[in-house]
Protein chains: 2
Amino acid sequence: MEKNKMIRIKDIAKLSGVSVGTVDRVIHKRGKVSEAARQKVEKVLKEIDYTPNLLAKTLGSSKVYKIALLVPNPKQDPYWNLSLQGLEASKVEWRPYHMVLEPHFFELHDFGSFKSASKKLMDSKPDAVLSAPIFLNEALEFFKELDELNIPYVHFNTMIPDVSPLAFIGQDLYQSGRLGASLINLGTDCNNNTVSILHVSESIQFSVHFKEKERGFRDYFSSLNNGIVTVSSVIIEGDDMKSFESKLIEAIKKDKIKGLFIPTSSGAKLTAEILRKNKLSDMCIVGYDLLEENVELLKSGDINFLINQNPNRQVFRGIHHLANLLLFNKQAPEKELFPLEVITRENVDSYIKSTIH
Amino acid sequence: MEKNKMIRIKDIAKLSGVSVGTVDRVIHKRGKVSEAARQKVEKVLKEIDYTPNLLAKTLGSSKVYKIALLVPNPKQDPYWNLSLQGLEASKVEWRPYHMVLEPHFFELHDFGSFKSASKKLMDSKPDAVLSAPIFLNEALEFFKELDELNIPYVHFNTMIPDVSPLAFIGQDLYQSGRLGASLINLGTDCNNNTVSILHVSESIQFSVHFKEKERGFRDYFSSLNNGIVTVSSVIIEGDDMKSFESKLIEAIKKDKIKGLFIPTSSGAKLTAEILRKNKLSDMCIVGYDLLEENVELLKSGDINFLINQNPNRQVFRGIHHLANLLLFNKQAPEKELFPLEVITRENVDSYIKSTIH
DNA sequence: ATGAAAGCGCTAACAC
DNA sequence: GTGTTAGCGCTTTCAT
């Protein structure tokens, strides 16, 4: 059934006329080897197709790998709780392979806390890092440090410029915005009305991530030729609920807004509550992610669609790539783009029931 | 980091005052052990939490497990090609664990071929079987045989009654039908019009699978109270293209059909071609699965939605559960329901790019 | 610099 | 029946 027997280090040793010890040293660049020996071994390695046996490898080794996760504190934004679920699933998956996974948290609006969290992370001497790059430019320093220490890192959730992680895991945010627009277009008769993108500006967050989504959102409507749709963006800054409400209602009435695209997962609830309170029910709303509160809103009909970013799986896959690098020296793909999952009242349960793999 | 050191067979041996050989015999019920010894070992096992080390286990063992896949011949229906992709992904995943995966094919409309394929399968003496139960009652005999020989089997794609597989992997077909209905409802102004479910009856297939989808489809519309929607079903039997076309067109004109739900993945193309030819473009069509032809139709706007059943992943997960059973003796969940994935023109690329995990 | 050998935890063959 | 032991393929230590 299996082709020819798997090639072992022992075989390579025999073929190149050295001992297993030397082969191991060449393969892992550890210890001293003479040029002559190195050449012989490398020649053989080039000719045959050697894949180390992971089982024997981790069984024979006592090395424990540590992967650190750096994310915003879930207490501030439940969105990040989902990524922790992915971490737990990863722990189970990788437990047999001597893999330790540790989360580190920072506060979303506090660059100081990011500093100290990343400091702590570095002190824990991880072999690899999985990070949600929220602070953008302010965090460049951190990634530079990782680069210098040759610690591989993977980004998820948002792709940022000027940094070269091993891989990026997440959605195509531009396309995500387009999808959101198309869903609103589906759920509304937009003609002669306005659709809006709502930024509940939480200072830092108002960044690449949301700008990309907005770009896609606007592009979609400009590319439509069958209707007259106006696109506006409502930006609400600060945390004051009262002013949020009045600003939102004012904008809706003034522009006859019929569709709202809410690119941040926690924004839907706030908005839906205000709309309900003000008896504005003929609005098509598209939000993000399977937060419990969002699921409720979807079921009650207060919002129409969710786009699921699947942060738990993003983490799961990020860890997967890092573990593969550490264990096998297997390179991750530069980008792993996730499907843009459309959630409606009729399929939301099927998503909740399904597990992370 | 790790709790206390993992417990090994050696530890159990020491604790119970016997040798590792005896412990092994007790754990795996192989070989002879005296009652006295068995009691001692089982007592210790009950008290501590022993999990065998999979790495050491498969490394030390020469046993090769064989899992057989039984599906319709992909040459007849490209849908089944997708499941073979899942098989390939599984091969890679499980290669290190001495797992051999073999597909067996039968012809969709030929019970004789099912007989001979299942015979061949049995002759190959698999340790477990993953099967798409298409032939229903006719195949009961086969499953009974597996039961008798104590060969574990998992079903995917369709859940059938009167059989107790280890697990079922697939979608909730009733809910899938509801979802299809809701999408059509979204894409059409159905009021005073008719929506239809189209059965391109390929004899055998006209079964549980499609009946469940139809039930969900109809239920959705009957539960709507805001519009007057008529639901009909168009059944086209036989393979004759010419009569298919005339029957379909006739039904559409007679009932003013504005929405078509096509529960079989290969039916969309045929239908879309007929509609285009007859210049019937104001129809909302919901089809199934990411066949290349369906993706094209979605992009060209000839159909509006696809529901993705993800057969490749169904196989992947089915193998996963069987491998876990064989290797770890870990029980699979009775049902693993997949998310009902909604595919539109705006997110189809994101699905095609994303890989199976 | 290099080879030999002792594990890692488990299985399976072999003595007694 | 039961204990002992030689692998599985790799890492890692210890002589040389």
Side-chain angles (χ1 to χ4, degrees), chain A residues 2 4-42 44-45 48-65 95-99 127 326-329, chain B residues 2 4-42 44-45 48-65 95-99 127 326-329:
Chain A
E2 297 285 293
N4 27 18
K5 268 262 160 278
M6 282 307 238
I7 292 157
R8 304 155 305 166
I9 279 199
K10 206 195 224 178
D11 301 318
I12 301 176
K14 193 161 292 172
L15 284 174
S16 45
V18 297
S19 73
V20 292
T22 304
V23 175
D24 184 77
R25 281 181 274 260
V26 171
I27 290 177
H28 296 93
K29 307 182 205 307
R30 55 174 155 235
K32 314 283 164 198
V33 254
S34 67
E35 256 314 293
R38 147 163 300 108
Q39 303 253 332
K40 283 191 288 185
V41 174
E42 280 178 344
V44 175
L45 281 177
I48 63 167
D49 184 27
Y50 172 66
T51 325
N53 182 325
L54 177 63
L55 278 58
K57 185 170 180 166
T58 60
L59 184 60
S61 165
S62 55
K63 173 142 189 60
V64 172
Y65 291 103
R95 177 155 26 238
Y97 303 99
H98 303 173
M99 200 65 59
D127 298 283
L326 296 176
L327 254 31
F328 285 113
N329 198 30
Chain B
E2 297 286 295
N4 26 18
K5 268 263 160 276
M6 281 309 237
I7 292 157
R8 301 156 306 168
I9 280 197
K10 205 195 228 177
D11 301 319
I12 300 175
K14 193 162 292 172
L15 285 173
S16 45
V18 297
S19 73
V20 291
T22 304
V23 174
D24 184 75
R25 282 182 271 262
V26 171
I27 290 176
H28 297 94
K29 309 181 202 307
R30 57 172 154 236
K32 314 280 162 198
V33 257
S34 66
E35 256 314 293
R38 146 163 299 109
Q39 303 254 331
K40 284 193 287 186
V41 174
E42 281 178 344
V44 175
L45 281 176
I48 63 168
D49 184 26
Y50 171 68
T51 326
N53 182 327
L54 177 64
L55 277 57
K57 182 170 181 167
T58 61
L59 185 61
S61 165
S62 54
K63 172 140 189 62
V64 172
Y65 291 103
R95 175 151 29 234
Y97 302 98
H98 303 171
M99 199 64 60
D127 298 284
L326 296 176
L327 254 31
F328 286 116
N329 200 28

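Note that this is a predicted model, so its numbers are computed, not measured. Sequence lines set the chain letters: A, B, ... in the order given, protein chains first and strands last, and positions in each chain run from 1.
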Specify the separation, in whole Å, of atom [atom1] of [X] and atom [atom2] of [N].
| X | N | atom1 | atom2 | result |
| --- | --- | --- | --- | --- |
| A/D11 | D/dG9 | CG | P | 8 Å |
| B/I12 | C/dG9 | CD1 | P | 13 Å |
| B/L55 | D/dC8 | CG | P | 17 Å |
| B/I27 | C/dG9 | CD1 | P | 14 Å |
| A/L54 | C/dC8 | CG | P | 19 Å |
| B/I7 | C/dC8 | CD1 | P | 16 Å |
| B/R38 | D/dG1 | CZ | P | 11 Å |
| B/R8 | C/dG9 | CZ | P | 5 Å |

Quick one: on DNA chain D, does B/K32 or B/L59 contact a more 5' nucleotide (nearest heavy atom)? B/K32
Please say whether more than 12 non-hydrogen atoms of neighbouring residues, nucleotides or ligands are located less than 6.0 Å from NZ in A/K63. yes
Show each protein N/O and nucleotides 11-14 of chain C N/O combination with a separation under 3.5 Å, one pair to a line.
residue: C/dT11; atom: OP1; partner: B/H28; partner atom: NE2; Å: 3.2
residue: C/dT11; atom: OP2; partner: B/D24; partner atom: OD1; Å: 2.5
residue: C/dA12; atom: OP2; partner: B/R30; partner atom: NH1; Å: 3.1

Would you give the length of the straight line joining atom CD1 of A/I9 to atom CG of A/D24, rounded to the nearest 0.5 angstrom?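 One gets 5.0 Å once the value is rounded to the nearest 0.5 Å.
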Looking only at side-chain N and O atoms, does A/S19 come under 4.0 Å of OP1 or OP2 in C/dT2?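 Indeed not, no polar side-chain atom of A/S19 lies that close.
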salt_bridge(A/R8, A/D11) N-O dist < 4.0 Å: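 The answer is yes: the pair qualifies as a salt bridge.
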Would you mind telling me which of B/N53, B/L55, B/L54 makes a side chain to side chain contact (heavy atoms under 4.5 Å, CB included) with A/P96? B/L55
Would you name the heavy atoms of A/R25 and A/K32 that are closest together and state the gap between them?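 In this case the closest contact between A/R25 and A/K32 is CD-O, 3.8 Å.
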Testing the basics here: between B/A37 and B/V18, what is the closest heavy-atom pair and its distance to 0.1 Å?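 Where B/A37 meets B/V18 most closely, the heavy atoms are CB-CG1, 4.4 Å.
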